[in-house]
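Counting starts at 1 for both ligands and their atoms, following the listed order.
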Amino acid sequence: MTGVRALLTSAAQRLSTAGVPSAASDARLLLAHAWDVPVGEVQRRQVLGQEPEAGVEQRFDELVEQRSTRVPLQHLTGAAPFRSLELHVGPGVFVPRPETELLVDLVLAEVGDRPAAQVVDLCTGSGAIALAIKSETPSASVAAVELDPMAHAWAVRNAELLGLDVRIDCGPAESAFAGREGTLDVVVSNPPYIPVGMVPIDPEVRDHDPEAALYGGSDDGLRIPLEVARRAHQLLCPGGLLVMEHADSQGDSLPAALAREGWTDVADHADLAGRPRAVTARR
Ligand SMILES: C[S@@+](CC[C@H](N)C(=O)[O-])C[C@H]1O[C@@H](n2cnc3c(N)ncnc32)[C@H](O)[C@@H]1O
């Protein structure tokens, strides 16, 4: 048996050597997962000098080993935090990112307390954006679409587990929600937008996020985002709002392309780190 502190220190060193960012935090989260307790309980047990059982230590060692090979933390714990939700994620679905939470703020600012606002999330992945909007604005009618059947299954599972009434279709965003043209108040999307050929450096992204979730289909990464925006234009009511995430290198090019395609009130928005990451535009 080894003390919690010694276990965490040695795990953090292994993770750090493997190039894992936030190694100490990952070690704590993995021990909490192996011990099947919240992370705060790990700290409490550390203070009390409690030791994990041998089985927990072994499970923790295996998790640290996998994380050292850069398997995403969220695939190991099976969960990703997003806004106030904990989403289930794993192989086959994009892990939601903290910067995407900005899109939810932009949608909520538009919807406010408007009763029965009609909101659609195109390219929903795990369902993160759609489910967060529904949980924070229960009066809104929220629907979503996802192309990839595996990711779609994760989104449906998340909606069921969270008990959130969000319709989630499986299919291409470019032709989604036929029959609802001209009726939506807000269309939100975090589409794939990485320029083709620009392979992400982080192994967690490069080797574990599905390719369909990453690449925008052209050298500038904007082909799929602009196709999604065209469908949004058809679906929105006059004056309706598009909210779309983009790469920080696309803070000029995407707004300019939307303005060329007839959108009005085009504005770009920075994330908490001050990087341009989202555009809003009105039909
Ligand atoms: C960057 S991920 C974003 C997922 C989720 N919205 C989020 O923010 O975590 C993009 C998602 O779009 C899906 N996707 C790619 N092309 C699509 C298309 N043409 N129609 C619908 N979904 C698409 C991918 O499978 C992936 O789940």
Could you tell me whether R45 sits above the aromatic face of W35, with NZ or CZ closer than 6.0 angstrom to the six-membered ring centre and within 45 degrees of the axis?
yes

Are any side-chain N or O atoms of D271 and backbone N or O atoms of G274, one a donor and one an acceptor, separated by less than 3.5 Å?
yes

Between R114 and D185, is there a salt bridge with N-O shorter than 4.0 Å?
yes

Validation: residues 85-99 side-chain donor-acceptor distances under 3.5 Å, sequence neighbours left out:
from	atom 1	to	atom 2	distance (Å)
R97	NH1	V95	O	2.4
R97	NH1	D209	OD2	3.3
R97	NH2	D209	OD2	2.6

Report all N/O contacts between ligand 1 and the protein shorter than 3.5 Å as a table of atom names and distances to 0.1 Å; if there are none, say 'none'.
from	atom 1	to	atom 2	distance (Å)
ligand 1	6 (N)	C123	O	2.8
ligand 1	6 (N)	T124	O	3.4
ligand 1	8 (O)	N190	ND2	2.9
ligand 1	19 (N)	E174	OE1	2.9
ligand 1	19 (N)	E174	OE2	3.1
ligand 1	20 (N)	A173	N	2.8
ligand 1	22 (N)	L147	N	3.2
ligand 1	25 (O)	E146	OE2	2.6
ligand 1	27 (O)	E146	OE1	2.7
ligand 1	27 (O)	E146	OE2	3.3

Which hydrophobic side chains are connected to L272, either touching it within the sub-4.5 Å cutoff or through other members that do?
none

Non-neighbouring partners of R28 that pass side-chain hydrogen bond (donor to acceptor under 3.5 Å, both in side chains), sequence neighbours left out:
none

